[in-house]
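When a residue number appears, it is its place in the shown sequence, counting from 1.
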Amino acid sequence: MIASDRQGLHSQVLLLNRFYMAMQIISARQSFILLYRDVAEVIDTESGSFYNYSFESWQELSLMRFEDHHPTNWIRSPRQPIEVPRIVRLVDFNHVPQSTIRFNRSNLYARDNQQCQYCSKHLPFNQISLDHVIPRSQGGGTSWENIVCSCTRCNTRKGGRTPKQARMKLLKPPQKPDGFQALAVTTASPDFEVWSPFLQK
């Protein structure tokens, strides 16, 4: 297997249910299994419009695209190169997904737009500090609604006080990402712009 194949099979693909509602993010390998079994179809964009493709028609389109401009994200099947889809839709699955997002450092960083929530400075991931808005010493918990990203300087300045006590102001009240905004947050990247219409409530 060549490098492009390995990279392609580990790419992220958005999985939709029958009603075009975002379900979860799966690997390209999983998406090809679903397509091969005819339980899913590819949703692709062209000139701002969405088109549905069976696995067979997607293979034909992939071959044409490969010959024209050699797409960057593809795998090589026994017969031909195939472009990795960005979105696949389950054709018979009606389940309505529940909105869940894991509470962790990476998702807090994404929710807060990579910024200190006090001074608005953009921070590299390895330089963020997590601050309890209401300090634990004052009964504050560790939750979406009480943890924000901050720079070390602001965190030190605030200390064991509330923002009001420290005369500091939050950019916005912290809250759990709502609905599939959660999925949009964790995958915020220009590479996945095509997902956005399916991630809105």
Side-chain angles (χ1 to χ4, degrees), residues 1-59 61-63 65-66 69-77 80-114 124-126 128 144 149 176-201:
M1 184 178 286
I2 60 176
S4 56
D5 291 315
R6 290 194 295 270
Q7 178 184 348
L9 286 173
H10 288 91
S11 300
Q12 292 184 319
V13 179
L14 180 64
L15 178 67
L16 310 178
N17 71 3
R18 179 183 174 190
F19 301 117
Y20 295 85
M21 297 174 67
M23 295 290 299
Q24 65 184 94
I25 297 167
I26 61 175
S27 69
R29 182 189 296 274
Q30 292 171 301
S31 73
F32 280 119
I33 291 171
L34 295 172
L35 292 169
Y36 180 76
R37 292 177 177 171
D38 288 328
V39 297
E41 64 183 4
V42 176
I43 307 296
D44 192 54
T45 57
E46 191 172 325
S47 303
S49 298
F50 289 92
Y51 298 92
N52 301 47
Y53 295 95
S54 67
F55 188 36
E56 184 178 350
S57 58
W58 181 248
Q59 291 179 84
L61 180 64
S62 293
L63 187 56
R65 286 181 172 176
F66 188 83
H69 61 268
H70 200 94
T72 55
N73 209 9
W74 57 277
I75 64 166
R76 192 187 303 275
S77 76
Q80 65 168 82
I82 304 176
E83 186 173 355
V84 174
R86 289 298 187 195
I87 304 169
V88 296
R89 169 180 169 261
L90 295 170
V91 293
D92 290 317
F93 191 70
N94 301 337
H95 178 68
V96 176
Q98 294 183 342
S99 302
T100 58
I101 181 170
R102 190 170 297 175
F103 178 76
N104 60 30
R105 192 180 187 89
S106 296
N107 289 339
L108 283 162
Y109 183 64
R111 181 202 65 181
D112 289 348
N113 197 32
Q114 307 167 22
F125 183 76
N126 62 359
I128 66 164
W144 285 107
C149 293
K176 181 178 180 178
D178 187 28
F180 266 91
Q181 173 195 355
L183 189 54
V185 166
T186 57
T187 56
S189 166
D191 294 337
F192 303 116
E193 229 176 282
V194 70
W195 292 4
S196 60
F198 303 100
L199 300 175
Q200 307 305 315
K201 292 186 70 179

Name every donor-acceptor pair, under 3.5 Å, that has one atom in a side chain of residues 32-43 and the other anywhere in the protein, sequence neighbours excluded.
from	atom 1	to	atom 2	distance (Å)
E41	OE2	N52	ND2	2.6
E41	OE2	R89	NH1	2.5

**Q.** Which residues share a side chain to side chain donor-acceptor pair (under 3.5 Å) with Q80, sequence neighbours left out
**A.** none

Q.
I need the I25 CD1 to S31 OG distance, nearest 0.5 Å.
A. 12.5 Å

Q) Taking all atoms of both residues into account, what is the closest heavy-atom pair of N104 and N107, and its distance? A) OD1-N, 2.8 Å

Q: Using ring-ring contact (aromatic ring centres under 6.0 Å, His included) as the criterion, list what pairs up with Y109, not counting sequence neighbours.
A: F125

**Q.** From N17 atom CG to D92 atom CG, the distance as rounded to the nearest 0.5 Å
**A.** 11.5 Å

(Q) L108 vs R111, test: side-chain contact (heavy atoms from CB on, under 4.5 Å). Steps then yes/no. (A) CA-CA 5 Å; L108 283 162; R111 181 202 65 181; 3.6 Å; yes

Q.
Rounded at 0.5 Å granularity, tell me how far NZ in K176 sits from CZ in F103.
A. 10.5 Å

Q) Are any non-hydrogen side-chain atoms of F55 and I82 less than 4.5 angstrom apart? A) yes

Q) Mind checking whether Y53 and P85 have side chains closer than 4.5 Å, heavy atoms only? A) no

Q: Give the intermediate values and the outcome of side-chain contact (heavy atoms from CB on, under 4.5 Å) for residues V88 and I26.
A: CA-CA 10 Å; V88 296; I26 61 175; 4.3 Å; yes

Q. Rounded to the nearest 0.5 Å, how far apart are CG of L61 and CD of E83?
A. 7.0 Å

Q.
Within this structure, what is the CG-CD1 distance for the pair D112 and I128, rounded to the nearest 0.5 Å?
A. 8.5 Å

